[in-house]
Amino acid sequence: MINDIDYTKIFSEIVTEFKDNDDCGKVATYIPELGKVDPNKLGIHLTTVEKHHSSFGDWNEKFSIQSIAKVLSLTLALKIMGNDVWDRVGVEPSGTAFNSLVQLEYERGIPRNPFINAGAIVICDILVSCLDNPKLELLEFIRKSSGIREIDFCLKIAQSEKVTGFRNYALAHLMKDFCNIHNEVELVLDLYFHLCSIKMTCKELAQAFLFLASYGVNPITNETVISPGRTKRINSIMLMCGFYDEAGEFAFRAGLPGKSGVGGGIVAIHPGKYCIAVWSPKLNTNGNSYKGMRVLEAITTKTESSIF
Ligand code: GLU
């Protein structure tokens with residue numbers, strides 16, 4: 001029981017209610033290694049800023065967090081480079097698919113936001129320019145800010161994405177042509193593929209993102225990850241851009257800032273209250289977890305808690 005709400009009971013009620021509904025989603029297979037996951041996994045973990053935990057199902061199993069990691073690379077880039085980041089990438093919803101090339105051509109190589117693939121690739125370029133050992137230092141930042149030493153890349157997934165990542169190569173080369181990629185494409189994408197390959201459990205995700213519910217300080221480690229002002233900006237971008245061309249749909253359903261990944265994970269933040277992570281690998285046609293979105297909608301509806 002947390003502040004009079006029995007989240008564990010609510011999670012299990014919701015999952016029971018959904019049992020008879022079809023899950024119309026499909027596991028991502030365009031990265032072959034992701035296609036090997038059991039499609040019926042379902043994990044939920046909520047951690048409050050007072051450090052209370054509630055969980056359900058496969059909450060303690062590691063999965064590929066994919067684009068959810070883009071929030072952490074943005075956080076590190078903002079810490080290092082401050083507002084200059086915004087000269088290279090925008091803060092507007094894209095309204096296009098996560099890997100779209102069309103908008104990038106129109107907008108002369110400046111991605112709409114840091115969470116679509118093009119934007120995250122620019123953030124990786126910034127990190128490659130600023131860090132001596134970008135992969136190691138990024139991982140160290142995530143481990144330190146979350147307080148979880150076991151967080152790591154999955155080399156099999158990174159490799160699987162590298163050999164099939166034709167579209168990400170196209171995005172990076174197009175931006176290089178517009179002078180918005182300063183380093184070798186191969187180096188930048190190596191960091192990008194490793195970033196996307198990070199594996200975490202729902203519990204680890206909720207802990208790693210709790211600083212966004214707590215004005216930039218992780219209450220579990222007492223580590224100041226980023227300032228309250230930047231926390232506000234990151235949450236705002238998550239609300240507007242966290243679900244590709246379905247950001248409006250998630251805000252409408254769940255009423256929380258959040259970020260999804262094609263591994264089937266979603267992280268959502270209730271500022272001042274909690275961070276929740278849900279994992280269900282089958283994706284809808286927009287690349288977001290079909291059941292994950294519905295579970296989060298049901299949780300905020302049943303508990304009558306959202307930012308609105
Ligand atoms: N690594 C994935 C890609 O570049 C990330 C997509 C996602 O999680 O939305 O396609």
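Just so you know, ligand 1 is whichever comes first in the structure, and atom 1 is the first atom listed for that ligand. These numbers were taken from a predicted model, which means no experiment stands behind them.
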*asked:* If I apply the N/O under 3.5 Å rule, does Q66 come out as touching ligand 1?
replied: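 For ligand 1, there is an N or O atom that lies under 3.5 Å from one belonging to Q66.
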
*Short N or O distance, I31 and ligand 1, threshold 3.5 Å exclusive*: no

Given side chains that start at C-beta, do those of [X] and [Y] come closer than 4.5 Å, heavy atoms only?
| X | Y | answer |
| --- | --- | --- |
| Q66 | I31 | yes |
| K70 | C196 | yes |
| W86 | M81 | no |

*Note: K302-E13 ion pair, threshold 4.0 Å (strictly below)*: yes

*Are the charged groups of E150 and K199 less than 4.0 angstrom apart, N to O?*
no

Under 4.0 Å from a heavy atom of [X]: give me the atoms of ligand 1 that qualify, with their elements.
| X | answer |
| --- | --- |
| C196 | 1 (N) |
| Y30 | 2 (C), 3 (C), 6 (C), 10 (O) |
| G261 | 8 (O) |

*Option among F11, W59, F56 that satisfies the ring-ring contact (aromatic ring centres under 6.0 Å, His included) test with H45*: W59

*Flag if over 12 foreign heavy atoms under 6.0 Å of CZ, R143*: yes

_Proximity to ligand 1 by part of N117, non-hydrogen separation under 4.0 Å_ =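 The side chain, only.
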
*Where's the contact between N168 and ligand 1, heavy-atom distance under 4.0 Å: side chain, backbone, both or neither?*
side chain

Distance from [atom] to nearest protein heavy atom, with residue and atom:
| atom | value |
| --- | --- |
| atom 3 (C) of ligand 1 | E161 OE2, 3.1 Å |
| atom 9 (O) of ligand 1 | Y244 OH, 2.1 Å |
| atom 4 (O) of ligand 1 | Y192 OH, 2.6 Å |

_Regarding atom 7 (C) of ligand 1: of the candidates S67, A158, G264, which has the closest heavy atom?_
S67

